[in-house]
Amino acid sequence: MGLCVLVQDGYGMFSMVQLHPLPSEDPLHLYTRKWEGRTCVLRAIKVVQRVTRERWTRLFSLIDSLWPPVMPFKVLGENQSCQGDSRHKGPAPSFCYLLSGQEGSVEPVEGQPLSSLYLPPTEQTLRDILQCELNSHRCSFVATVIYKRTQSQSSDQSPGEVWLVVTDPSLQEEQQSDGPPCRRTLAVCVTTSCVLTSSVAKAISTPGTFRLSFRDAVREHGGILCVEQSVVQLRPLVSVCCPHTESTLGPGSLSLSQAKPLPQPLPQSQPNVLPQALPQHVTLDPLGPETPPNSLCTFSGVIVGVDEDTAYSWPVCSLCGSDRLEMAPQKPQAFLCVACDSLVDQPTMNMQLEVFMNCSTLRDFTVKVKLQQSTIMSVLNCAASGHEFPGYEVENVLGKEVGLLSAYVRVLTRKPALSIGLEEICL
Ligand SMILES: [Zn+2]
């Protein structure tokens, strides 16, 4: 699915018009500026399907977020809209139409003000979204991505879901001790049905934090999903020390021009959103029984076991870190790095080690943790320059205290018993 517009006529009927696939240089903001909130004439439109609420729940959750309308509708057979009539406060529509057309099919009427049917999205803070009691609803917000994880589908190389761990100043500010604690970060799942613009896709594949605006994401089952009708766009980073905005993308990046915030068509569309900066060090939630999968947490504890099947080490280039080493033909003890074309006398040993831990915040459960190299080194008491993998003794590792460390929650199952798999990360 590419570019779509949701339209509503004066009688209250919604239709989704499917246009063309988005070109790679994503001029999405241009379309937004041209069409959003404007009265448009639709020409050369084909009716594809009449769809119902039962079968198209996602589309109707978007329609519900625009309901009830702010103005009364026209009624068929009457020329004037029925002022004061309360019928528009009835239930939201149970069906709508899917239409298809070309870009030129949607033509804004020149000189018209923004339509009073138009309801711009309201950006909420993440704290407001987390505290909302509604079961499933659409929400819009701006947040900083502090960690991301792409799950490519195993069958082919096409990109799978992307998990983004986000936070904003409302989740990072000091929490009141009397109220219920609020989570510090939130996992956003960008499903494969959500089309990402090239600038967003580039930011996701580049190291570092960045800010995104999420529009019409779905809050559901304690998490946030980006689906077909959700729009994800880059926003400039707000730096800690100064109010000027900056971007994580380097100079010469074409994406910068598209990273600017959209001009807001209506001043009331962004109430109370303060461009506050995040603290320099983001606070994470401690690991606990309620920690959701695909989230971030901090943990500490004692090693009570080693998964010996997953423990191994391999040599990497001491200059560039690549594992593409070959035997050097002239020097039998040395390696040739294929990646940086250097002769490596003493390669660095990379290690993988997964341990079982008793964590201080989760007393009665065993947590499996995939440790990072630096932590493995400190657990094994070996200097970072160690050339040999120190054929570790399990007894030397057991009982070692580890932490406080940050981790990504890889696996979390609650049945038949709580089982947690963590992967240590470095933010
Ligand atoms: Zn190398």
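Computed from heavy atoms alone, side chains included, the values below leave out hydrogens, waters and symmetry copies. Small disclaimer: the values here were computed from a predicted structure and weren't measured. Remember, it's 1-based here, ligands and their atoms both numbered in the order they're listed.
Annotation: side chain to side chain donor-acceptor pair (under 3.5 Å) contacts of Ser360 (sequence neighbours excluded): Ser300. Applying the side chain to side chain donor-acceptor pair (under 3.5 Å) criterion to Asp345, with sequence neighbours excluded, gives Lys331. Here Asp285 pairs with nothing under the side chain to side chain donor-acceptor pair (under 3.5 Å) rule; sequence neighbours left out.
Within the protein, the N, O or S atoms lying under 2.8 Å from the Zn ion (ligand 1) are Cys317 SG, Cys320 SG, Cys337 SG, Cys340 SG.
Ring planes of Tyr97 and Phe95: perpendicular class, angle over 60° (limits at 30 and 60°). Between Phe214 and Phe141, the two ring planes are parallel [angle under 30°; tilted spans 30° to 60°].
Of the possible polar contacts, one joining the Thr361 side chain to the Leu287 backbone as a donor-acceptor pair under 3.5 Å is found.
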